[in-house]
Amino acid sequence: MLRWIRAWKLPREGLGSHSPSFARVPVAPSSSGGRGEAEPRPLPLSYRLLDGEAALPAVVFLHGLFGCKTNFNSIAKAFAQQTGRRVLTVDARNHGNSPHSPDMSYEIMSQDLQDLLPRLGLVPCVIAGHSMGGRTAMLLALQRVIHPSPPDAIVDRELSREEWYPQFAQGTPPTAAPPQNLAVRQYLLTNLVEVDGRLAWRLNLDALAQHLDKLLTFPQRQESYLGPTLFLLGGNSQFVHPSHHPEIMRLFPRAQIQTVPNAGHWIHAERPQDFIAAIRGFLV
């Protein structure tokens, strides 16, 4: 599934009063506060930005657990060419070429993006996230848009729980049992790199293993995101059930739930044209 959010507008006057028509919450600072225990600091994420029309909101793609920004290379290129928009792909902390940190949660991943996107001049923007990236997108929308505002959102609630996740997170190439699914093996092997003549995982496996339980659940939130939202579900996927729909609608009252036939968990890889068409249709 895929999660989308057309994100916040930059604050006009810092911590000024709030209008019910705008989300004017200030961008989170890059340094921790001075009271009590220090908050985790946002990290300088690795990214790739494709150029496009600055007048149009950019599109930001967020990968899933054990993924990286290159998972969206072909999608990003096609979307930039077809829509003329700027397109950003990002490595989450502890993934790809982004820095490693012992801190790993949806809250801190949201803060990483709240630090990055204004620095790139990409607010407001549209955020599309798969799996872990989708949950990050959901939380970002809920945190940034506490008051009613115009932005749209596209979100997915699907987070795969294949049995190889904990195995992979705790193992190394020689000891982790390989998953049987070829596509899953290829997906995981994108994280295997050569360092000083030896193969190693570029993921921060220690941090991911320590926080895996948190990454397999979505944080409890009371607020709602009132912008239009699209949840894309794979027709062959079992990770979103009808029993989940009431909670989806509580958090995202204007959500549309759309199914892509003949697709599983990786809609963007299995049905890329349908995936792009769904996004473009939603933006129109």
Quick one: pull up CD1 in Ile75 and CG in Asn73 and give me the separation to the nearest 0.5 Å. 10.5 Å

Are the side chains of Ser101 and Asn204 in contact, using a 4.5 Å heavy-atom criterion? no

Donor-acceptor contact below 3.5 Å, side chain Glu270 vs main chain Ala263: no

How long is the span from the CG atom in Asn236 to the OG1 atom in Thr259, to the nearest 0.5 Å? 10.5 Å

How many angstroms lie between atom OG1 of Thr229 and atom CZ of Phe282, to the nearest 0.5 angstrom? 6.0 Å

Under 3.5 Å, is there a donor-acceptor pair between the side chain of Ser98 and the main chain of Asp91? yes

In Å and rounded to the nearest 0.5 Å, what is the CZ to CD1 distance from Phe79 to Ile279? 5.5 Å

Quick one: does Val60's side chain get under 4.5 Å of Tyr47's, heavy atoms only? no

Tell me who clusters with Leu56, hydrophobic residues only, linked when side chains sit under 4.5 Å apart either directly or through other members. none

Give a yes or no on whether Met132 and Ile108 share a hydrophobic cluster (residues Ile, Leu, Val, Met, Phe, Trp, Tyr; joining criterion: side-chain heavy atoms under 4.5 Å apart). no

If you group Ile, Leu, Val, Met, Phe, Trp and Tyr by side-chain heavy-atom gaps below 4.5 Å, do Leu203 and Val193 land in one group? no

Evaluate the side-chain proximity of Met138 to Tyr225: yes if any heavy-atom separation is below 4.5 Å, no if none is. no

So, Arg271 side chain and Gly234 main chain: donor-acceptor pair closer than 3.5 Å or not? no

With a 4.5 Å heavy-atom cut-off, do Met109 and Met104 have their side chains touching? yes

Test applied, side-chain contact (heavy atoms from CB on, under 4.5 Å); reference residue, Ile127; option that passes from Leu88, Leu117, Thr136: Leu117

Can you tell me if His211 uses its side chain to pair, donor with acceptor, with the backbone of Pro102 under 3.5 Å? yes

What orientation do Phe239 and His265 show, parallel under 30°, tilted 30 to 60°, or perpendicular over 60°? perpendicular

Return the CZ to CZ distance between Phe72 and Phe275, rounded to the nearest 0.5 Å. 5.0 Å

Can you tell me how far apart CZ (Arg85) and CG (Leu283) are? Round to the nearest 0.5 Å. 4.5 Å

Is Lys69 close to Ser46 at the side-chain level, that is, under 4.5 Å between some pair of heavy atoms? yes

Taking atom CZ of Arg48 as the centre, report whether more than 12 heavy atoms of other residues, nucleotides or ligands fall under 6.0 Å from it. no

Give a yes or no answer on whether the side chain of Arg202 reaches the backbone of Asn97 with a donor-acceptor pair at less than 3.5 Å. no

Kindly say whether Ala92 contributes a backbone atom to a donor-acceptor pair with the side chain of His63 at under 3.5 angstrom? yes

Would a 4.5 Å heavy-atom cut-off, applied to side chains only, mark Leu208 and His95 as touching? yes

Would a distance-only check, ignoring hydrogens and angles, find a side-chain to backbone donor-acceptor pair under 3.5 Å from Asn191 to Trp201? no

Give a yes or no on this: more than 12 heavy atoms of other residues, nucleotides or ligands lie within 6.0 Å of atom NZ of Lys214. yes

Tell me whether His268 contacts the main-chain N or O of Trp266 through its side chain, where contact means a donor paired with an acceptor under 3.5 Å. no

Does the Arg250 side chain pair with the main chain of Ser224, one donor and one acceptor, at a distance under 3.5 Å? no

